[in-house]
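These notes concern the structure reproduced below.
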Amino acid sequence: MKETISRNLRIKKTLKHNLQTYSFLLPNLILFTACSLYPVVWTLKYVFYQYGGYGTGKPIFVGIANLARVFRDKVYWESVLHTFTYGFGKVLIIIPLAFFLAFLLNQQKRGNGVTQSIMFLPTIMSSAVMGLVFYLLFNAYNGEVNKYLLESGIISRPINWLGKDHAMKTLILTAVWGGVGNYMVYFIAGIQQVSEDAIESARIDGAGKLQTIWYIIVPMLGPILKIIMMLAITSAFNDITNVMVLTEGGPNNATMVMSLYGYRYFFPISAAEATVPQYGYGAAVSVVSAAIAGVVTVIYLKVSKKLDDIY
């Protein structure tokens, strides 16, 4: 009898504890379901339907027609190529630059805190505002960049920075300016964790500054570098605001990226594209884009495993 009462008390106590635990998790679970899980399920559902939104009639089941259309869409696969160009261009510039700035600003000198704050400031700026500022700077006719270059005699005529030949370079430059401060802070945190004894030992053995950086500091930054690279790659694949504000994917789709290409089928990005949305095809584009990004992520995680074994 006593064992039964004791067991019942333990069960009630466990249930009470679980109830308290799940009551704390419930708000987060509701938000996750409403804001993350439901949109994913909704997108997966409409991959198999032709649907233009409310007021356009009921969804029409079309099977895998939308997915087949994606694989025949030359503009979409061009946007995939542009996404890789944009992503790798951004990563190849921003990672070394962020490390270089972090190494300089990690030195204990007067004014470094203020300089770090200034370098980090673009990170907290709205992407839309940043895109608009760079649009005004690189405008072909009255932009400040062309004005300065003309007055300095560096160029003889204005350069169309947002034209087909230079638009992608301008986008990458904008992305680097807006994100380098963020990765710089990560690198500073990593450098500060490097053992001073290891650096001092290298100096005693006759290693110069460059040798110390390459053979001591960089290897010890392996785990944090893995995270930084992961963040840089994923942000490059999801960067839509910068492209939308600065070029709208033009000219002639020269800067169209995967995320923006799918977005335009849900929400027209300009008055010229004020057509009936194609939710079904937009969902198919989004799913294929997510699959490509997932494959890239898995490949990166497999390749970067060695960075965890640096220590």
Side-chain angles (χ1 to χ4, degrees), residues 31-87 90 126-128 131-132 135 162-164 167-168 170-172 174-175 233-298:
L31 288 174
F32 173 77
T33 302
C35 300
S36 296
L37 187 59
Y38 174 75
V40 170
V41 174
W42 186 94
T43 301
L44 292 174
K45 171 187 175 182
Y46 279 99
V47 166
F48 305 101
Y49 287 86
Q50 180 181 330
Y51 184 50
Y54 296 105
T56 60
K58 293 183 178 180
I60 301 172
F61 182 77
V62 294
I64 63 171
N66 286 324
L67 290 172
R69 179 183 168 188
V70 173
F71 288 98
R72 296 193 307 267
D73 192 340
K74 292 182 179 180
V75 178
Y76 171 71
W77 292 105
E78 287 178 0
S79 75
V80 174
L81 179 61
H82 296 156
T83 302
F84 277 90
T85 303
Y86 174 78
K90 174 184 174 181
S126 166
S127 297
L132 182 59
Y135 176 81
L162 300 177
K164 188 174 182 179
M168 184 59 72
T170 305
L171 279 175
I172 293 173
T174 306
I233 292 171
T234 54
S235 66
F237 272 87
N238 296 322
D239 198 347
I240 181 174
T241 308
N242 184 30
V243 182
M244 185 189 301
V245 174
L246 204 56
T247 64
E248 294 183 354
N252 195 25
N253 296 318
T255 58
M256 182 63 67
V257 292
M258 292 190 304
S259 55
L260 182 59
Y261 190 76
Y263 178 89
R264 68 192 297 193
Y265 285 101
F266 291 96
F267 311 100
I269 59 178
S270 65
E273 294 187 350
T275 57
V276 177
Q278 302 177 45
Y279 288 176
Y281 186 60
V285 169
S286 300
V287 168
V288 174
S289 299
I292 292 173
V295 170
V296 173
T297 301
V298 170

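Considering every non-hydrogen atom in both Arg264 and Asn253, the closest pair reads NH1-OD1, 3.7 Å. Across all their heavy atoms, Gln50 and Val62 have their closest contact at CB-CG1, 3.8 Å. Scanning all heavy atoms of the two residues, the minimum distance from Leu246 to Tyr135 falls at CD1-N, 3.4 Å. The two atoms that bring Leu260 and Gly249 nearest to each other are CD2-N, 3.7 Å, heavy atoms only. Residue Ala175 comes nearest to Asp239 through the heavy atom pair CB-OD2, 4.4 Å, listed as atom of the first residue, atom of the second, then distance. For the residue pair Met258 and Thr83, the shortest heavy atom distance occurs at N-OG1, 2.9 Å.
A 4.5 Å side-chain heavy-atom check between Ile172 and Tyr86 finds at least one atom pair inside the cut-off. The side-chain heavy atoms of Met256 and Glu78, taken from C-beta on, include no pair separated by under 4.5 Å. Considering only heavy atoms from C-beta on, Val287 comes within 4.5 Å of Thr43 through its side chain. Here the side chains of Thr170 and Leu162 are in contact, with some heavy-atom distance below 4.5 Å.
Between Tyr279 and the options Tyr263, Tyr265, Phe266, Tyr46, a ring-ring contact (aromatic ring centres under 6.0 Å, His included) holds for only Phe266. Val288 pairs in a side chain to side chain contact (heavy atoms under 4.5 Å, CB included) with only one of the listed residues (Val80, Asn66, Leu67, Val47), which is Leu67.
Counting non-hydrogen atoms of other residues, nucleotides and ligands closer than 6.0 Å to CD1 of Ile64 gives a total of 12 or fewer.
Listed by chain and residue number, Lys90 satisfy the side-chain contact (heavy atoms from CB on, under 4.5 Å) test with Ala236 (two or more places apart in sequence, or in another chain). With sequence neighbours left out, the ring pair (Phe, Tyr, Trp, His ring centres under 6.0 Å) criterion links Tyr76 to Tyr261. With sequence neighbours left out, Ala293 forms a side-chain contact (heavy atoms from CB on, under 4.5 Å) with Phe237.
At distances below 3.5 Å, not a single donor-acceptor pair connects side-chain atoms of Asn252 with backbone N or O atoms of Ala254. Listed for the Trp77 side chain is a donor-acceptor partner under 3.5 Å among the backbone atoms of Val70.
Put simply, CG on Asn242 and CE on Met244 are 10.5 Å apart, with the number rounded to the nearest 0.5 Å.
A donor-acceptor contact closer than 3.5 angstrom links the side chains of Thr255 and Thr247.
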